[in-house]
Amino acid sequence: MDAQREVYFNGAYRPWNEATVPLLSHSFGRGSAIFEVIGFHATPAGPALFRLGEHLERFRKSSSLLEMELPLAPEALQEVLVGLVRRSGLQAGYLKLFGFYPEISYAILPPQTRCQLAACIFSAEELTGGGDASAAQGVTACLSRWRRLDPRSVPIEAKVAANYVNGLVARQEARRRGFDLAILLDGQGFLAEGGTESLFLVRRGRLLTPALGAVLQGITRKSILALAGAMGLETGEEPLAPGLLAEAEEIFFAGTVGRIVPVRRVGERNLAPVPGPVTARLAEGLGRITAGLDDHYAGWLTPCA
Ligand code: PMP
C-alpha cells in the first residue's frame, strides 16, 4: 500500500501511514469494527458510487445492532466519502468504510459507545492481484461443511468484522478441497449464501435467491432482484433446498466485489454455458447501470466528479 495514499481517519483526510490503531484497541482485539465496501465506477460524468445511500443505511443499521454511536450524520458522511473518491483521482475502484473503537480496552464491553470513522480506497487490481477472470470464466463452488452464522447467536445483518470468521473458515475449507468459493447452508439446512457473496439460482426460468433472515441483506442482491423484475423475469425469495444445486440451470454469486460471478462447477456437477443466458442478461444490465448508461437507474449512482 502506497504510504502517501490519502485516507479519511479521525475527522480529516490524511496520508495512509498516519492512520494507525493501538494494539489493545477494542476493535482489533474483539473484531468490533463495522464496515461497508462500496463500489465506484467510471461513468460519462466521471466516477460514481453505486447505491451509496443503501450502503450508508446498512452501515447505520450495523452500528445500531452493536449499540455504536456514529460521529457523523449520513449527509456529512456522504460528503466525506464523495470527497475521498474525488481526491483519489481514480475512475473506478472500491471504498471501504469503517466504524471502530480505537480506545484501549481489556474487556468485552467497549469503553464507550461513540465510534471513530475511517475510509480508504483501493483499486480492483489491488483487490484481485490483477487478472481476475472469474466474471468471464466462472468459478467452482462446493457446499461447505460450515453452516452460516445462526441469527439467534449474533446479529448476522451487522457487517461486523467478527462475523467474518464464518466466511473465512468456509473459504479455507473450499480451497483445501480444490474449489474457488463456498456455499453455506443455514441452520435449518436450506441454502444461505457464499462466505461474502449472495447466492442466486435459475430454475425453470425463475430467478431464485434465499429469503432474508439467515443471509446478509446484500445490496447487489436487492439490485439484481429489482432489475430482474423490471426485465420481466419471475423472481422468488424463498427457502431453497440444497438439492436445487443439482437441478438449477444456472447458479451465480452476487456482491459488490465481482458483482455477478457465474458458477461453472458445483461439487462434481458442471454447468454450461457459462455464463448462462439469464446470468448474462443480468450482468449486462447491471454493467450498463453501473457505467451510467441506463437513465432509468441514474438514482442508484452518486457522482463524485
Ligand atoms: N453476503 C455476505 C455475507 C457478504 O459479506 C456480502 C458482502 N457485503 C454479501 C453477501 C454481498 O453483499 P453486497 O452486495 O452488499 O456487497
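Position 1 is the first residue of the sequence; numbering continues from there. Just so you know, ligand 1 is whichever comes first in the structure, and atom 1 is the first atom listed for that ligand.
Sequence neighbours left out, the pairs with a member in residues 23-35 that pass side chain to side chain donor-acceptor pair (under 3.5 Å) are H26-S32, S27-S32.
Under the 30°/60° scheme for interplanar angles, the aromatic rings of W300 and Y297 are found to be tilted.
Partners of R265 under the side-chain contact (heavy atoms from CB on, under 4.5 Å) rule, at least two apart in sequence or in another chain, are T140, F179, E268, N270.
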Checklist entry - Please walk me through it: do R60 and E57 pass salt bridge (charged side-chain N to carboxylate O under 4.0 Å, His left out)? => result CA-CA 5 Å; R60 190 207 55 75; E57 174 49 27; 2.8 Å; yes

Run through all N or O atoms in ligand 1 and write down each protein N or O closer than 3.5 Å, as a pair with its distance.
unit_1   : atom_1 : unit_2 : atom_2 : d
ligand 1 : 1 (N)  : E193   : OE1    : 2.6
ligand 1 : 5 (O)  : Y164   : OH     : 2.5
ligand 1 : 8 (N)  : K159   : NZ     : 2.6
ligand 1 : 14 (O) : I219   : N      : 3.3
ligand 1 : 14 (O) : T220   : N      : 2.8
ligand 1 : 14 (O) : T220   : OG1    : 2.5
ligand 1 : 15 (O) : R58    : NH1    : 2.8
ligand 1 : 15 (O) : R58    : NH2    : 3.0
ligand 1 : 15 (O) : I219   : N      : 2.8
ligand 1 : 16 (O) : T256   : N      : 2.9
ligand 1 : 16 (O) : T256   : OG1    : 2.7

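Grouping Ile, Leu, Val, Met, Phe, Trp and Tyr by side-chain contacts under 4.5 Å, direct or through others, puts I183 with V139, L143, L181, L185, L191, L199, L201, L208, L240, L244, L245, I251, F253, V261, V263, V266, L271.
For the pair K96 and F122, the NZ or CZ position fails the cation-pi test of under 6.0 Å to the six-membered ring centre and within 45 degrees of the ring normal.
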